[in-house]
Amino acid sequence: MAPLLNIRNMTHFFGGLRAVSDFNLTIEPGEIRGLIGPNGAGKTTVFNLITGVYTPTEGIVELEGENIKGVETHRIADMGLGRTFQNLALWRHMNVLDHIRLAHYSQLSYGLFGAFFGTPKCRRQEKAVIENSHKLLELFDIDKFATQNIGNLPYGAQRRVEMARAMATKPKILFLDEPTAGMTPDELIRMIEIIRQVHRDFGVAIFMIEHRMKFVMDLCERIQTLVFGEVIAEGPPEEIQNNPEVIEAYLGKEDLH
Amino acid sequence: MEKLKKLFRPFSVVPLAGWLLGVFCAAMMEYYLGDLISYYLYLPKIPVLFGTLVMLKDPFLIPSVFGYDLIVYVVPVFLVARLSAPLANRLAALLESMPLWLATLLHLAAFYGILHMWAGINDYRVLVVKLTMISIILTLSLNVINGYQGEFSCSHPGFMALGAYASSTLTLLLFANDKMFGEPLLNPALGPWLFPLVLIIGGLVAALGSLIVAIPSFRTRGDYLAIISLAFLFMVKSAIENMEIIGGPRGMSSQPNYASLTVVFVWMSLCIWIVHNFTTSVLGKALNAVRDNEPAANSMTVNTRKTKMTAFMFGAFWAGVAGGLFAHVLRYVNPSTFGLNKLAEILAMVYFGGLNSIYGSIVGAVSISMLSEALRPLELFKWIIIPLILILVMIFRPHGLISFTEINVKELMRPRNKERSGGVE
């Protein structure tokens, strides 16, 4: 059987700049993988290439054996690739419940006619969506904010809304772009629990970009290190932690004098 | 402000049905006693729009006008509404136990009855009410594009013109004997019955035309799209001006009189209902998502292209319907009607009333149309006062008077005698 996500020799150029070169990745169902690297290494670009925001210049990108290179972002999302964003990408005039409702977009089949006239089919599906949304909100412990505008929520709760929203698209693999950016230590511990819970309850595979070593070491089974668009090391957390090349990339060369 | 609140407290127990009853009594009073009261107040005749016109023409009549408004409108409305509150609450409870659609229809029917009676006093009122209701359709449809979808489209009068000309051509060709197209092709008796179909065709033509703006919107946003849409408006205008077959710059006239008050009211209600259904559904929420953060919407499986196209075509459809109604109310259209003035008027209504809100659109359309009618005697100064009000609104409420509020029919119609969660006060 084909692996869940299979990427072979993915390369991308921005004009003449080689942003990502020969990126390889295989993710099996239920795996948790990490991607680390210094600022500007191209981590978010890798995410954007896989999720269809950009189309890779070269290489193979497959989800469950199906090509997703050059496919529109919303189609890829529908095929089972959910994601969160580095700097929260929430809809600022919408309330929390509507965020989760909207992520069910591709699961609805009533069509525009149904939406205009509120047909029984439309009402039935909308009701089911609202029920499911409340379930997700409860799971992420943000049900009490359901009718609040997203801007009124504390930062940690906004992160959880984003996560719940991604889970509402019923992903098979979840991409997390720095899920702990700007979080307090308390919120960080909470986030580890939530990611574990998502992994356990939904059985999704997770691929995350993260800066905090403790977080990555705690969660990930395998880690890749990206520097200037190239993978310089790959392996289990302990191995990466002690890899001289990784240390060099983060801290610079040791001064011998 | 505190005092004002205290003054209105006794009226917080009045349900919508009670207010309707009050307004009904006021309309009855004007219908039967209006002539008498205006005679004793030295008014030449029943003031048409709450006396604003008379007041501006002859300042000495200001006290009489105030007296008239007080006796005929304010006192009966508030008195009857308050006194009938216990009864009206019982009625509201009864209506609440009915299915929602039936209760809504009954309220609408009652409202229409009152409106019909009030407007029936003279033809000018009928015309103003019709044009106001058409403005509501226009404002709502532009709000879908500019408010819900967050683009800045300037092509609305163009869509309106497409609808107006398409439906006028059809009715003149099929049902009217006129100098442009000659004998009617169908029996004119069929006209009023096929008129809805004609309006829908007009709307569809406008929706098709909107693709010229919708497709560039996949790539551009903001100012650039505004310029493209403005270009579209001029394209439509000059195209019509240069087509002799539909009258060119002279326009089209003698459309059959199909757009009665009832017809316009029904279309307006239909428009509000459909826009409400659409904007509260997930497919409609997708519009907001595209506005607030398009990449995020894309990643959450929302087909953003389809969403943008839907918003434009939906908005344009209703603008086309409004245009068709407009042509059949005035029974005369020419291309210069659909120029920048019209655009400014519709945009003012949308931004005054409030973005992303059906209430807001209704408030905006009614208040701007009423204001521009009421200030008509001031002629040029009208266009100083209205923009000034608009600027004030923009300073104090940048998103418009009532923005980001959804209409809640159930809440609106509920009885007010019992305390409820989230009730008034």
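Below, chain A is the first sequence line, B the second, and so on; all start at residue 1.
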Heavy-atom pair count under 4.5 Å with chain B, highest-scoring of A/His104, A/Gln107, A/Glu72, A/Arg165 | A/Arg165

Of the non-hydrogen atoms in B/Cys154 and B/Ala226, which two are nearest, and what is the gap between them?
-> SG-O, 4.0 Å

Taking all non-hydrogen atoms of both residues, which atom of B/Met394 and which atom of B/Tyr351 are closest, and how far apart?
-> CE-O, 3.1 Å

Under 6.0 Å from the six-membered ring centre of A/Phe85 and within 45° of its axis: does the NZ or CZ of A/Arg83 meet both?
-> yes

Mind ranking A/Thr73, A/Thr169, A/Asp78, A/Leu102 by heavy-atom pairs under 4.5 Å with chain B and telling me who comes out on top?
-> A/Leu102

When A/Arg92, A/Glu126, A/Arg101, A/His93 are compared by non-hydrogen pairs under 4.5 Å with chain B, the top option | A/His93

Aromatic ring proximity, centroids under 6.0 angstrom, B/Phe278 and B/Tyr148 = no

Chain A contact via B/Thr279 - which portion, at a heavy-atom distance below 4.5 Å | neither

Looking at A/Phe14 versus A/Tyr54, is the centre-to-centre ring distance below 6.0 Å?
-> yes

Part of A/Ile76 lying under 4.5 Å from any heavy atom of chain B = neither

Chain B contacts, top residue of A/Leu112, A/Leu108, A/Val53 (heavy-atom pairs, under 4.5 Å) | A/Leu112

Of A/Ala103, A/Gly114, A/Ala168, the largest count of non-hydrogen pairs under 4.5 angstrom with chain B goes to A/Ala103

B/Ser299 versus chain A, the contacting section by heavy-atom distance below 4.5 Å | both

Establish, from distance only, whether the side-chain atoms of B/Arg291 and B/Asn356 form a donor-acceptor pair under 3.5 Å.
-> yes

Can we say B/Lys285 and B/Glu406 salt-bridge, meaning some charged N sits less than 4.0 Å from an Asp/Glu carboxylate O?
-> yes

Check each atom of A/Phe175 against the heavy atoms of chain B and say whether the ones under 4.5 Å are side chain, backbone, both or neither.
-> neither

